[in-house]
Amino acid sequence: MPELPEVETIACGLAKRVTGDRIESVWLGQKKEPLKSSASEIAATLEHTRITTVRRMGKHIVFDLEQNGPKRTKAQWIVHLGMTGRLQVCEPEAEVAKHTHAILKLKSGRELRFVDPRRFGRLSVAQAGDFAAAGLEPLEVDLDRFIKLFRGRKTPIKSALLNQNLLRGVGNIYADESLFRSNLRPRRRASTITRDQLEKLLLAIREVLKEAIALGGSSISDYVNSDGEEGFFQLQHRVYARESEPCLICKTPIKRIVIAGRSSHYCPKCQQ
DNA sequence: ACTATTTCCTGGATGC
DNA sequence: TGCATCCAGGAAATAG
């Protein structure tokens with residue numbers, strides 16, 4: 001379940017491997033779910049371009065592309081990993097994994113492959129290099145704009161944090177961990193949270209995301225980075241997936257509730 | 001303009 | 001052991 005820290009880790013790893021390489025040809029599978037743009041548009045946009053940058057925007061991985069030739073037209077390939085999406089850089093003779101939906105042949109001789117069993121991931125392209133993800137970057141937003149996001153919102157703070165149109169990149173794990181660190185209950189209505197508490201929440205979000213990036217993300221189920229290595233932040237989780245286990249602060253058993261269909265974990269004593 | 005609910009998917013875990 | 005069922009969750013679609 002790649003969220004901001006996992007996507008950041010993957011994008012950085014990919015940047016090291018494929019920046020400057022050229023996309024020579026593109027194969028796309030038959031499944032239509034992973035494609036947001038049409039297969040022909042994606043292939044035509046990617047082929048014969050040079051990868052100039054690989055970066056993260058929210059939970060999206062953005063490949064900035066430049067057309068060969070004098071015009072140097074800009075374009076972008078945008079990848080959302082969904083739940084189980086993976087981008088692998090491998091030799092062409094490497095076995096093609098089940099659920100491979102895209103294979104890009106690179107000039108260096110390697111292949112960049114998109115694999116996604118559950119097909120929640122999405123591939124799309126932007127023609128003029130103008131992809132704009134909704135929401136604010138949690139590691140860049142200032143306190144005033146962060147506070148304004150929640151003004152007048154009756155929805156539970158947990159749901160607000162998961163809403164990518166407000167803040168982009170925070171998912172279920174980091175929402176729960178941030179709420180624990182700022183002593184806020186996940187069901188707390190966003191609009192009722194004081195300025196001071198929101199400041200604490202923003203600091204907690206930044207802290208959690210930065211710590212997770214430093215540890216290479218959280219390896220839940222099958223997440224690995226672009227080198228096939230696991231992250232280690234799952235060892236630092238204080239509430240996520242710790243139902244009934246003692247709170248690390250007060251020993252009270254961690255509770256799990258469902259909010260908007262998502263499991264939410266919190267300490268009933270520390271988070272009031 | 002918001003908010004809540006449903007839907008898409010497969011593999012791993014669980015239950016009988 | 002084998003088969004059926006349930007569950008995980010990001011975000012788009014739908015309904016209110």
Side-chain angles (χ1 to χ4, degrees), chain A residues 1-11 29-38 56-62 78-87 96-102 114-124 126 131-138 148-179 186-193 205 209 212 217-224 230-231 233-234 237 239-244 254-266:
Chain A
M1 44 203 73
E3 303 179 26
L4 187 151
E6 292 77 30
V7 179
E8 177 76 19
T9 303
I10 291 166
Q30 294 301 306
K31 300 286 184 192
K32 58 186 187 312
E33 296 93 348
L35 308 184
K36 251 177 127 170
S37 319
S38 74
R56 177 194 64 76
M57 284 179 79
K59 295 176 192 169
H60 299 270
I61 297 169
V62 179
I78 301 114
V79 180
H80 193 297
L81 299 172
M83 287 286 294
T84 53
R86 300 194 316 265
L87 281 166
V96 176
K98 201 175 169 186
H99 307 296
T100 296
H101 304 298
F114 176 66
V115 183
D116 183 14
R118 219 166 288 183
R119 279 183 261 152
F120 276 17
R122 293 291 181 268
L123 307 181
S124 61
F131 172 71
L136 302 173
E137 272 294 330
K148 280 187 186 130
L149 292 178
F150 306 105
R151 198 168 283 173
R153 289 190 187 271
K154 295 186 186 136
T155 197
I157 184 64
K158 171 68 183 280
S159 300
L161 290 178
L162 294 181
N163 183 345
Q164 302 296 298
N165 293 314
L166 302 179
L167 210 59
R168 66 192 193 204
V170 175
N172 212 30
I173 296 172
Y174 299 103
D176 280 6
E177 294 298 320
S178 302
L179 289 170
R187 267 210 236 272
R188 176 77 176 270
R189 302 277 151 186
S191 60
T192 69
I193 302 175
I205 291 170
L209 295 177
S218 300
S219 281
I220 301 287
S221 74
D222 53 2
Y223 163 76
V224 287
E230 294 190 343
F233 192 72
Q234 68 279 8
H237 293 175
V239 287
Y240 182 81
R242 293 195 65 241
E243 183 182 10
S244 304
I254 298 300
K255 283 193 77 168
R256 187 184 83 95
I257 59 176
V258 174
I259 299 173
R262 300 285 162 263
S263 34
S264 303
H265 313 76
Y266 70 100

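Just the heavy atoms: all of them, side chains too, but no hydrogens, waters or symmetry mates, feed the values below. Proteins come first, then strands; the chains are lettered A, B, ... in the order of their sequence lines, and each starts at number 1.
At a threshold of 4.0 angstrom between heavy atoms, the contacts of A:Arg153 are confined to the sugar-phosphate backbone, with no base atom among them.
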Between protein and nucleotides 11-14 of chain B, what N or O pairs are separated by less than 3.5 Å?
{"residue": "B:dG11", "atom": "OP1", "partner": "A:His99", "partner atom": "NE2", "Å": "2.7"}

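A residue-by-residue look at A:Phe120 and A:Arg189 shows that A:Arg189 has its nearest nucleotide of DNA chain B further toward the 5' end.
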Pair A:Glu137-A:Arg168, salt bridge (Lys or Arg N to Asp or Glu O under 4.0 Å): steps then yes or no
CA-CA 6 Å; A:Glu137 272 294 330; A:Arg168 66 192 193 204; 2.8 Å; yes
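Side-chain nitrogen and oxygen atoms of A:His80 include none within less than 4.0 Å of the OP1 or OP2 phosphate oxygen of C:dG10. Using a 4.0 Å cut-off, some side-chain N or O of A:Thr155 falls inside it from OP1 or OP2 of B:dA4. At the phosphate of C:dA8, neither OP1 nor OP2 sits under 4.0 Å from any side-chain N or O atom of A:Tyr240.
Rounded to an integer number of Å, the gap from A:Asn163 CG to C:dG9 P is 18 Å. In this entry the distance linking CE of A:Met83 with C1' of C:dC7 reads 10 Å, nearest Å. For the pair A:Lys59 NZ and C:dG9 P, the computed distance is 11 Å after rounding to whole Å. One can place NE2 of A:His265 at 10 Å from C1' of C:dA8, the figure rounded to the nearest angstrom. Per the geometry, CG belonging to A:Leu167 stands 15 Å off C1' belonging to C:dG10, to the nearest Å. Put simply, CG on A:Asp116 is 10 Å from C1' on B:dT10, counting in whole angstrom units.
Note: A:His237 and A:Tyr240 have perpendicular aromatic rings, judged against thresholds of 30 and 60 degrees for the angle between ring planes.
Residues from residues 255-263 of chain A with heavy atoms under 4.0 angstrom of DNA chain C, sorted by number: A:Arg256, A:Arg262, A:Ser263.
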